[in-house]
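The structure under discussion appears below in the form of structure tokens.
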Amino acid sequence: MKIFDTLSQKEKEVVKNNMVRIYLCGVTVYDDSHIGHARTIIVFDTLRRFLESEGTKVKFVQNFTDIDDKIINRARTENTSTDKISTRYIDRYFVEFDKLNVKRADSYPKATEYIEKMIDLIKGLIDKEIAYVSNNGVYFAVSKFKDYGKLSKKKIDELIAGARVEVDETKHDPLDFALWKFANDQPNWDSPWGKGRPGWHIECSAMSLEELGNDFEIHGGGRDLIFPHHENEIAQSEAFTGQNFAKIWMHVGMVTIDGVKMSKSLGNTKTVEYVLQKWGPNIIRLFCLAGHYSKPIDYSEDMLKETITKWRQVENAYAEISNPEKDDTVLLQHPNIMEKAIRPRIEEELNRFHDALNNDFNTSLALNSFFSVVDEINNLASAEYIAKSVAGYLLPVFTKMMNILGLKISEITKEENDEIGKMIERRKIFRDEKRYQDADNIRKQLLDKGIILIDHKKRTLWMKQENIGN
RNA sequence: GGUGAGGUGGCAGAGCGGCUAUGCGUUCGCCUGCAAAGCGAAUCUAUAGGGGUUCGAAUCCCUUCCUCACCUCCA
């Protein structure tokens with residue numbers, strides 16, 4: 001599999017020795033997650049699902065930044081502890097991302113649990129004279145790391161020229177960044193240099209090195225993390241280990257709202273909670289995977305509405321394929337709907353699906369193939385006959401693609417199922433008796449519950465629509 | 001100002017030297033007791049502008065214009 005590497009600006013083959021190690025920069029837990037976070041996380045979740053579907057072992061690590069100025073500020077305004085704040089938003093994170101059908105990572109390290117490792121790193125950097133202690137804290141001396149700027153393609157002197165960094169006399173160089181900040185207020189930790197808190201970037205170096213080791217396969221996050229976050233991570237980690245930090249840097253494009261990047265100051269953020277309520281998990285996932293991961297996507301009502309249409313087709317296909325005709329004998333007269341006739345086309349789409357993902361994770365193309373399979377199924381359904389043997393072939397293909405994409409048909413309880421069955425039977429009787437008013441009443445009742453009936457010539461199927469709010 | 005990514009039909013979005021993706025939308029049909037859903041057909045020959053290279057370019061080169069992101073915390 002090839003992925004475009006931000007560092008080398010080239011597509012690189014993902015090395016799969018024993019396993020693929022992935023580190024994703026997660027969220028800072030000081031507020032609700034939004035659709036931008038969701039996109040990055042859904043992309044990586046899908047990547048991980050794809051690799052695993054091919055039998056590749058994946059170790060997937062995603063951190064929580066649970067100590068940070070914004071968390072501290074939030075705690076102050078709410079008159080509570082940073083701990084309470086971070087715990088609250090981590091809990092919410094899991095509720096929301098479970099709903100989005102994001103598989104749990106193998107590990108969710110938190111910054112506050114890696115203070116010791118960070119101190120080790122900082123010690124090492126001081127020993128190598130790449131970091132120094134000032135009155136305010138410990139700083140990384142950017143000028144001592146010759147490759148500084150290699151990821152974001154920035155030149156040090158240009159950065160200085162355009163620096164909007166606040167003046168800090170205790171720093172040797174305005175570009176130097178904090179590894180450890182002295183602080184007497186809570187929360188703080190002891191360190192060999194004095195009580196304080198870790199700087200902004202050191203946590204990810206500490207956690208990734210500890211959890212995944214050196215030179216792991218994929219390090220990722222949103223595009224906006226390239227500078228300074230990832231640049232600084234590279235500097236710290238490589239200065240410390242003297243080795244390559246990560247093999248591939250994979251960055252996900254921003255989500256814009258009506259063409260503009262979301263930001264708190266513009267007040268145009270869409271929280272995950274909101275979009276889940278409004279569109280539901282599958283539509284959000286389809287939306288996030290609709291374009292190439294590296295490009296920006298624009299959140300607009302029209303786009304999401306369009307996605308609903310696609311998802312309806314998927315639901316319809318599932319309803320058909322999971323309720324095939326029991327009797328296969330009809331097939332003898334209709335060779336065009338036999339498995340043998342369909343198989344080559346489906347195999348072709350499976351190959352395309354695989355190739356698309358394998359080639360810089362082109363989910364847009366992969367979705368095309370998936371929808372072609374969906375079309376194929378709905379086509380058969382319109383011929384009024386999906387035979388059991390055909391469904392037996394198609395269902396696993398459909399399911400495989402659904403699993404990789406992380407899509408999930410709404411589940412239904414046994415009781416619901418029985419009740420719906422009974423109502424459909426009653427409706428059939430009414431229809432046979434030409435009591436259409438009564439029959440339509442039942443249809444309306446079911447629709448109110450999100451159940452859509454699919455009338456075929458001899459029988460009625462139904463599907464449960466994903467709940468879409470407004 | 002610097003760096004990076006882009007500019008493709010009404011919209012979304014692939015292709016990245018030749019066989020004019022695809023989807024949504026729209027229109028008209030089929031199906032139906034009527035719907036819904038589904039299916040079929042039609043519709044749209046697009047590649048920011050200008051130069052090249054080539055037998056041939058959306059695809060390569062040069063140039064102009066425009067958009068977005070990053071350069072401050074940000075997924």
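Look at the C1' atom in both B:rG56 and B:rC65: the space between them is 28 Å, to the nearest Å. Comparing B:rG18 with B:rC60, their P atoms sit 11 Å apart, to the nearest whole Å. Distance noted for atom C1' between B:rU43 and B:rU22: 16 Å (whole Å). Across the C1' atoms, B:rC24 and B:rG17 are found 30 Å apart, a figure rounded to whole Å. The P atoms of B:rU8 and B:rU67 are separated by 14 Å, rounded to the nearest whole Å. Across B:rU3 and B:rA46, the matching C1' atoms stand 31 Å from one another, rounded to whole Å. The same atom, P, is picked in B:rC68 and in B:rG25; the two are 29 Å apart, to the nearest Å. Separation of the C1' atoms belonging to B:rG9 and B:rG1 is 37 Å when rounded to the nearest angstrom.
Comparing B:rA14, B:rG13, B:rA75 by their nearest atom to the side chain of A:M254 picks out B:rA75. Closest contact between the side chain of A:K154 and the listed nucleotides B:rA75, B:rC31, B:rG2 involves B:rG2.
Looking at residues two or more places apart in sequence or on another chain, you find a salt bridge (Lys or Arg N to Asp or Glu O under 4.0 Å) between A:R443 and A:D440. In this view, A:F177 and A:F140, A:H201 satisfy the ring pair (Phe, Tyr, Trp, His ring centres under 6.0 Å) rule, not counting sequence neighbours. Every ring pair (Phe, Tyr, Trp, His ring centres under 6.0 Å) that A:F64 has, sequence neighbours left out, goes to A:Y93, A:F94, A:Y108. By the ring pair (Phe, Tyr, Trp, His ring centres under 6.0 Å) test, A:F50 is found to be paired with A:H354, residues two or more places apart in sequence or in another chain being considered. Applying the ring pair (Phe, Tyr, Trp, His ring centres under 6.0 Å) rule to A:F361 yields no partners; only residues at least two apart in sequence or on another chain are considered.
When rounded to the nearest whole Å, the span between CD1 of A:I297 and P of B:rG23 equals 21 Å. Taking atom NE2 on A:H251 and atom C1' on B:rC71, their separation rounds to 15 Å, with Å as the unit. The distance between atom CG of A:L367 and atom C1' of B:rA14, rounded to the nearest whole Å, is 12 Å. As a whole-Å value, the separation of A:W249 CH2 from B:rG4 P is 19 Å. As a whole-Å value, the separation of A:L151 CG from B:rC71 P is 13 Å. Whole-Å rounding puts the A:Y148 OH to B:rU3 C1' distance at 14 Å. When rounded to the nearest whole Å, the span between CD of A:E231 and C1' of B:rG2 equals 14 Å. Spacing between atom NZ of A:K261 and atom C1' of B:rU72 amounts to 11 Å, rounded to whole angstrom units.
Across all their heavy atoms, A:G406 and A:N282 have their closest contact at O-OD1, 4.5 Å. Across all non-hydrogen atoms, the minimal contact from A:E466 to A:I283 is OE1-N, 3.6 Å.
Residue pairs satisfying the salt bridge (Lys or Arg N to Asp or Glu O under 4.0 Å) criterion with at least one member in residues 59-71 of chain A, sequence neighbours excluded, are listed as follows: A:D69-A:K181. Among pairs with a residue in residues 136-145 of chain A, none fulfils salt bridge (Lys or Arg N to Asp or Glu O under 4.0 Å), at least two apart in sequence or across chains. The salt bridge (Lys or Arg N to Asp or Glu O under 4.0 Å) contacts involving residues 221-230 of chain A comprise A:D224-A:K261, where partners must be two or more places apart or lie in separate chains.
Here A:E231 contributes atom CD and A:K153 contributes atom NZ; the two are 8.5 Å apart, rounded to the nearest 0.5 Å.
Side-chain N or O atoms of A:N323 include one that pairs as donor or acceptor with a backbone N or O of A:A319 at under 3.5 Å.
Taking the six-membered ring for Trp and thresholds of 30 and 60 degrees, A:W249 and A:H251 have nearly parallel ring planes, at less than 30 degrees apart.
No donor-acceptor contact under 3.5 angstrom links the side chains of A:R74 and A:T82, judged on distance only.
Nucleotide B:rG29 is matched to B:rC39 when pairs are restricted to Watson-Crick or G-U wobble geometry with both distances under 3.5 angstrom. Partner assigned to B:rU3 is B:rA69, using Watson-Crick or G-U wobble distances below 3.5 angstrom.
Residues A:I35 and A:K153 both approach RNA chain B. Their nearest nucleotides, taken by heavy-atom distance, put A:K153 toward the 5′ side. For A:I226 and A:S372, each mapped to the nucleotide of RNA chain B holding its nearest heavy atom, the one lying further toward the 5' end belongs to A:S372.
At a threshold of 4.0 angstrom between heavy atoms, the contacts of A:G221 are confined to the sugar-phosphate backbone, with no base atom among them. Within the nucleic acid shown, A:G26 comes within 4.0 Å of sugar-phosphate atoms alone, with no base atom in reach, counting heavy atoms only.
Of the residues in residues 96-112 of chain A, not one places a heavy atom less than 4.0 Å from an atom of RNA chain B. Taking every heavy atom of residues 355-365 of chain A and every atom of RNA chain B, pairs under 4.0 Å involve A:N362, A:S364, A:L365, by number.
A:Q445 has its side chain within reach of A:M423: a pair of non-hydrogen atoms, C-beta onward, lies under 4.5 Å apart.
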(request) Using a 4.0 Å heavy-atom cut-off, write out nucleotides 33-43 of chain B from 5' to 3' as B (base contacted by protein), S (sugar-phosphate only) or - (no contact). (result) BBBBSSSS---
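At least one side-chain nitrogen or oxygen of A:K310 sits closer than 4.0 Å to the OP1 or OP2 atom of B:rC24.
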Filtered N/O pairs between nucleotides 5-10 of chain B and protein, under 3.5 Å:
| unit_1 | atom_1 | unit_2 | atom_2 | d |
| --- | --- | --- | --- | --- |
| B:rA5 | OP1 | A:Q9 | OE1 | 3.4 |

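Tested against A:D45, the residues A:R104, A:K103, A:R285 include a single salt bridge (charged side-chain N to carboxylate O under 4.0 Å, His left out) partner, A:R285.
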